[in-house]
Amino acid sequence: MDLSKLNPPQREAVVTLEGPLLVLAGAGSGKTRVITHRIVHLLNERPGLIMARNILAVTFTNKAATEMKERLVHMAGPRAQGVLVCTFHAFGAEMLREDIHRLGWPRKFAIADMGDQLANIRRAMREHKIDDRAFDARKVLTLISKAKNSGKAPEPKPEGIGDDYDLITHLVYPDYQLSLKAQGSVDFDDLLLLPARLLREHPDLYEKYTRRFRYLLVDEFQDTNTAQLELLKLLAGRSRNVCAVGDDDQCIYSWRGAEVRNILDFDRLFPGGKEVRLEQNYRSVQTVLDAANAVIAKNPERKAKQMWTDRKGGTKVKVVTCPNDEEEARFVAHEIQKHMALGISADDIAVLYRTNGQSRPIEEMLREKNIGYEVVGGSEFFDRREVKDVIAYFKVIVNKLDEISLLRIVNVPSRGIGDVTMERLSVHARGEGVTLWTVMKKAADYEDLPPGAGARVLDFVEMVERYRAAYEHGQLANVTRKLLEEIGFREATRAHATSATAADKKLKGVDGVLNSLENFEKREGPKASLLTYLNRLSLDTRQEEEEVPGANRRVTLMTVHASKGLEYRLVFFIGMEEDLMPHGGMQGEAQNLEEERRLCYVGITRAKEVLYLTRAATRVKRGKEVPRTPSRFLEDLPPEVIEVMDMDAPREGPPTTEEKNFFANLKERFKKPAVPGGPPGGAGPAGGAAR
DNA sequence: TCACAATGTATTTTT
DNA sequence: TACATTGTGA
């Protein structure tokens, strides 16, 4: 491996193998490069002493993990296969898969997804006679999660009385935790907390894991929360070979418990470590970097970094005002067309937005113009009713303790087991102190059920047991097909749908599940089981890549959050308006301006060459058209690096001279793909605004 | 128990 | 606007 291609700080980060190391890596500073080189260097440097299996690299998303692994294998060959690259959560799940029984959970535990979590919270709320409609269960979940992540044990009662939600949370928390365990489930937070407990409370396991993972790397360290840090500290053991890579300016997940302090206080958390700063930006041209620096500069409490680039000049950042959101979409689509005509590939283009809902108009417009696109995340696929139902079947089949899923599907499709029946059975279960499933197995014994219900329940139980056995032998997709056939799922869904097209859409969801099962089986081979499938599903909600040949060069649409770590030659950052960017938060109150600013910074720094910041003067919201105020962040942009465009009157006519000049210049710039060192400076368009 | 209609309410980001 | 939930009637 050639280390001479790295700049001095990068090289230092790569060759410092022992002890704690913090790499402050600004946007576009070649951070991933450093991580991969470092891992390969570890493998090269001490052959026989450091094996691939001794290295753990933690990334923020599964996507990042997959990509990093691929890069490693590409660089170092098959021996890199043994390096464990995954998210904190996936790592925790892996640990628990082996050792969770030491904490009293069943070995085949399930991972509760958000739906399960909310259902459990709602149930606990009802038990406390709290109206689960008057109070938002999601808010309660957020609070519970915060409490868990900050290391607080369930507390029965608050001392200083907070607001209603604090009160509810304290009431509900213990029940929530107990019911999860009773269902043999863990939630996302448990995937971090329980492994930490294993290491803390079981010396043999501490030995086992610290001995195996002697070299740790953490990417996106600024977005780790307290629980992750705790796990990391334990795992680091006595050798403390921790390499943390991150950028405090890109901490955008504090709403999920991320602690910027983890990166700011690294030297206190891991005393005696080294700190390296990567301040050269290899990604963006000067204009883009200037815009980004200007926006982030206004944040107090940063680790001062001075990002610079030698890609001088660059086209000015376009700040565009459109009359409304539809016109904004039209503008974006139109510009995309132009740039593609000039030779930019679709996969070099991204449209970024603050909220998932903003993708709609863009999608419609791109479809209209026949521009291929791909929406990252927000997939909604696994949120679809039918999909959730099928998954719930899996959950019940795998885990009969999962009452939430059981209640969900026991009458889907309708088989005459209604609320009354299940309510009565629940009462019996509680009275006898046994599980709902146990009671269902002897449903015939109860006199108080609606006529015929007992027999129907028994049929259902028998059916589930039969499929539980059937799934033992693999063939997940095939068995599922049979199951859906037997229960008449497709027919029922079709009958339920309002129209033929709606039915097709729903059934496509079902096909999607079967597809994803098939892919999973193909990938995992014989070790594919329904349980491992479900676990993977809750950890990685990415939809299976549709393998449409030829259609893979597409424009990317995603939230700014999802764009972290990615880069594109051409970026549209849309909706630069108050209440959107920065986001208004729910009903006024606490909006975290500093984080919104960082978010804006992240969005801007995704652009390598050309950046559009667009906004709509008016936007359709809730069916009504409302006027919008420009984002305050736009004010911070240095006038000399931006070009203001007002698309007030939508013109369809021939391009103006100014436009022609502008695109002529662009064409010049894009003739050759981004030469390192940058194109000749001052390539900005002649003249100013288009209007 | 179930199907359909009217009514009401929601809107951040994601492992 | 769009969707989910609630209430009504069979």
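In the text below, chain A, chain B and the rest are named by the order of the sequence lines, each starting its count at 1.
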In whole angstrom, give the distance that lies between atom [atom1] of [X] and atom [atom2] of [N].
X        : N      : atom1 : atom2 : value
A/Met422 : B/dT1  : CE    : P     : 11 Å
A/Met114 : B/dT14 : CE    : P     : 10 Å
A/Leu352 : B/dT12 : CG    : C1'   : 15 Å
A/Lys624 : B/dT9  : NZ    : P     : 16 Å
A/Glu595 : B/dT12 : CD    : P     : 15 Å
A/Leu192 : B/dT14 : CG    : C1'   : 13 Å
A/Glu577 : B/dT12 : CD    : C1'   : 15 Å
A/His89  : B/dT15 : NE2   : C1'   : 4 Å

Using the ring centroid of each side chain, check whether A/Phe213 and A/Phe91 are separated by less than 6.0 Å. yes

With heavy atoms under 4.0 Å as the rule, sort A/Thr59 into base, sugar-phosphate or nothing. nothing

What's A/Val420 touching, base or sugar-phosphate or nothing? Going by heavy atoms closer than 4.0 Å. sugar-phosphate

Go through B/dT12, B/dT11, B/dT1 for me and flag the one nearest to the A/Arg138 side chain.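 It is B/dT11.
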
Of the nucleotides B/dT15, B/dT14, B/dT12, which one has an atom closest to the side chain of A/Thr355? B/dT12

Distance-minimising heavy-atom pair for [X] and [Y]:
X        : Y        : answer
A/Gly488 : A/Pro413 : O-CG, 4.0 Å
A/Asn399 : A/Gly184 : ND2-O, 4.3 Å
A/Leu449 : A/Gly454 : CD1-CA, 4.1 Å
A/Leu234 : A/Ala196 : CD1-O, 3.4 Å
A/Ser538 : A/Ile111 : OG-CB, 3.5 Å
A/Ala25  : A/Val245 : CB-CG1, 4.1 Å

Walk along DNA chain C from 5' to 3' and tell me the first and last nucleotide with an atom closer than 4.0 Å to a non-hydrogen atom of chain A. C/dT1 to C/dT6

Lys/Arg N to Asp/Glu carboxylate O, A/Arg536 vs A/Glu524, below 4.0 Å: no

Would you give the length of the straight line joining atom CG of A/Leu406 to atom NZ of A/Lys395, rounded to the nearest 0.5 angstrom? 13.0 Å

Tell me whether A/Trp255 is stacked on the nucleobase of B/dT13, counting only the six-membered base ring and applying the 5.5 Å and 30° thresholds. yes

Stacking check: are the rings of A/His583 and B/dT12 less than 5.5 Å apart at their centres and under 30 degrees in tilt?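 Stacking is present between B/dT12 and A/His583, given that their ring centres fall under 5.5 Å apart and the planes under 30°.
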
Can you check nucleotides 2-4 of chain B for protein contacts, nitrogen or oxygen pairs under 3.5 Å, and list what you find?
from	atom 1	to	atom 2	distance (Å)
B/dC2	OP1	A/Gly416	N	3.3
B/dC2	OP2	A/Asn411	ND2	2.6

C/dT6 to B/dT11 separation - P atoms, rounded to the nearest Å: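 That atom pair is separated by 15 Å.
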
[X] side-chain N/O to [N] phosphate OP1/OP2 under 4.0 Å:
X        : N      : result
A/Ser538 : B/dT15 : no
A/Asn356 : B/dT11 : no
A/Thr87  : B/dT14 : no

The residue, A/Lys621 or A/Arg256, whose nearest nucleotide of DNA chain B is more 5′ is A/Lys621

Which residue lies toward the 5' end of DNA chain B, A/Pro450 or A/Phe88, if each is placed at its nearest nucleotide?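 Result: A/Pro450.
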
Please list all pairs meeting salt bridge (charged side-chain N to carboxylate O under 4.0 Å, His left out) that have one or both residues in residues 217-227 of chain A, counting only residues at least two apart or in different chains.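 Qualifying pairs, neighbours excluded: A/Lys31-A/Asp219, A/Lys31-A/Glu220, A/Glu220-A/Lys564, A/Asp223-A/Lys564.
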
